[in-house]
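Working notes, beginning with the structure itself.
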Amino acid sequence: MRTAFLRHVRRFPWVTNVTLYGCLFAGGDFVHQWFSRREKMDWSHTRNVAVIAFSFHGNFNFFWMRFLERRFPGNSVGMVMRKLLLDQTTAAPLATSVFYTGVSFLEGKEDITADWREKFLNTYKTGLMFWPFMQFLNFALVPLYVRTTFTGCCAFVWATFLCFSRQSGDGTAGAALAWMFPPKEDEAESTKENYSYST
């Protein structure tokens with residue numbers, strides 16, 4: 001099965017990579033909503049995330065990876081670091097900006113830059129704790145024809161964080177961790193009691 005998959009990717013690199021990236025990215029929104037334990041799934045939001053993932057993120061990443069490889073060929077330490085630096089200073093802020101403004105546009109918001117202004121900087125800083133490590137592995141070890149697919153696997157986790165940040169977070173890792181691992185009710189009650197006694 002692995003051999004058949006790799007053969008398919010080599011034969012149809014654009015379609016396969018972009019499709020997998022888009023599905024994984026949209027899956028991140030599904031996981032976010034599932035973790036949020038909502039009574040009803042907001043499929044319109046998942047659709048909007050998927051539109052952005054398929055129309056921009058997947059395609060941009062596919063051609064961006066090829067541009068970087070042509071500009072800095074090989075996987076020597078020097079070449080990998082050049083790709084990584086350019087990726088994190090150019091592609092990362094662009095992709096984050098398109099996500100915030102694109103989803104807001106699809107939702108019909110009057111000010112599509114409101115979320116971007118409020119959360120972009122925190123989101124970009126959080127991304128610097130995640131993406132450099134993932135992309136270092138990508139540039140150093142992953143063949144070019146599946147790099148977008150590898151990025152999509154990483155983007156599955158990142159999209160979960162992005163969707164949380166856009167809907168209820170502030171773009172920081174701390175807020176996401178507090179959402180994923182909320183304090184137990186008894187601990188919260190104990191904290192309230194201690195606070196009331198101290199006052």
Side-chain angles (χ1 to χ4, degrees), residues 8-9 12-33 41-72 83-132 134-135 137-139 142 144-169 171 176:
H8 186 80
V9 176
F12 307 104
W14 174 70
V15 173
T16 306
N17 276 280
V18 172
T19 300
L20 288 173
Y21 187 103
C23 291
L24 289 164
F25 200 95
D29 178 71
F30 176 84
V31 170
H32 161 249
Q33 295 195 48
M41 291 289 293
D42 184 0
W43 293 112
S44 63
H45 190 269
T46 304
R47 178 203 63 205
N48 292 338
V49 172
V51 169
I52 298 300
F54 280 102
S55 64
F56 177 79
H57 284 94
N59 283 287
F60 172 76
N61 186 272
F62 180 82
F63 293 106
W64 176 249
M65 289 295 155
R66 275 147 184 76
F67 165 76
L68 289 177
E69 191 60 31
R70 287 195 301 270
R71 185 67 180 82
F72 307 110
K83 293 173 190 173
L84 191 59
L85 178 63
L86 191 57
D87 183 67
Q88 293 305 299
T89 56
T90 303
L94 176 61
T96 302
S97 298
V98 169
F99 174 80
Y100 279 125
T101 58
V103 175
S104 294
F105 172 78
L106 292 175
E107 289 182 347
K109 289 191 173 183
E110 291 186 7
D111 184 1
I112 65 172
T113 64
D115 285 329
W116 178 85
R117 292 196 307 270
E118 180 182 349
K119 302 172 182 179
F120 168 78
L121 186 57
N122 284 340
T123 304
Y124 180 64
K125 290 178 181 178
T126 302
L128 292 177
M129 297 187 287
F130 175 76
W131 280 113
M134 298 299 101
Q135 293 294 54
L137 295 176
N138 199 9
F139 295 136
V142 180
L144 177 61
Y145 64 90
V146 286
R147 281 183 188 164
T148 295
T149 298
F150 178 85
T151 307
C153 293
C154 302
F156 173 77
V157 177
W158 183 244
T160 304
F161 167 76
L162 281 179
C163 292
F164 160 75
S165 295
R166 186 180 176 277
Q167 294 194 335
S168 54

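Values below: all heavy atoms of this structure, side chains included; hydrogens, waters and symmetry mates excluded.
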Of all heavy-atom pairs between [X] and [Y], which one has the smallest distance, and what is that distance?
X: D111; Y: R117; value: OD2-NH2, 2.8 Å
X: Y145; Y: R66; value: CA-NH2, 3.7 Å
X: S97; Y: F120; value: OG-CE1, 3.6 Å
X: V146; Y: N17; value: CA-OD1, 3.8 Å
X: S104; Y: D115; value: OG-OD2, 3.5 Å
X: G127; Y: P132; value: O-CD, 3.4 Å

(request) Anything under 30° is parallel, anything over 60° is perpendicular, the rest tilted; go ahead and classify F161 against F164. (result) tilted
Does the side chain of [X] reach to within under 4.5 Å of the side chain of [Y], using non-hydrogen atoms?
X: W43; Y: T46; result: yes
X: Y100; Y: I52; result: no
X: V103; Y: E107; result: yes
X: F56; Y: V51; result: no
X: M65; Y: T151; result: yes
X: C154; Y: Q135; result: no
X: C163; Y: F25; result: no
X: L137; Y: V142; result: no

Taking [X] for its side chain and [Y] for its backbone only, find out whether a donor-acceptor pair lies under 3.5 Å.
X: T126; Y: G171; result: yes
X: N138; Y: M134; result: no
X: K119; Y: S165; result: yes

Rounded to the nearest 0.5 Å, what's the gap from [atom1] on [X] to [atom2] on [Y]? Could you check?
X: T113; Y: E118; atom1: OG1; atom2: CD; value: 11.5 Å
X: L106; Y: T101; atom1: CG; atom2: OG1; value: 9.5 Å
X: W116; Y: T96; atom1: CH2; atom2: OG1; value: 11.0 Å
X: Y124; Y: Q88; atom1: OH; atom2: CD; value: 6.5 Å
X: F30; Y: F156; atom1: CZ; atom2: CZ; value: 9.0 Å
X: L86; Y: F67; atom1: CG; atom2: CZ; value: 6.0 Å

(message) The test is side-chain hydrogen bond (donor to acceptor under 3.5 Å, both in side chains); show your working for Q33 and H45 and say whether it passes.
(response) CA-CA 10 Å; Q33 295 195 48; H45 190 269; 4.5 Å; no
(message) Does atom CZ (F54) have a neighbourhood of more than 12 heavy atoms from anything else shown, all under 6.0 Å?
(response)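 Yes, CZ of F54 has more than 12 neighbouring heavy atoms, counting only those of other groups under 6.0 Å.
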(request) Start with the C-alpha distance between D87 and W131, add both sets of side-chain angles, then the distance that settles side-chain hydrogen bond (donor to acceptor under 3.5 Å, both in side chains), and finish with yes or no. (result) CA-CA 9 Å; D87 183 67; W131 280 113; over 6 Å; no
(message) According to salt bridge (charged side-chain N to carboxylate O under 4.0 Å, His left out), does anything in residues 145-157 pair up with another residue at least two apart or in another chain? List the pairs.
(response) E69-R147
(request) Enumerate the residue pairs fulfilling side-chain hydrogen bond (donor to acceptor under 3.5 Å, both in side chains) with a member in residues 48-60, sequence neighbours excluded, ordered by first and then second residue. (result)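 Pairs touching residues 48-60 that pass the test: W14-N59.
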(message) Between F60 and L94, does the side-chain contact (heavy atoms from CB on, under 4.5 Å) criterion hold? Intermediate values first, please.
(response) CA-CA 10 Å; F60 172 76; L94 176 61; 3.9 Å; yes
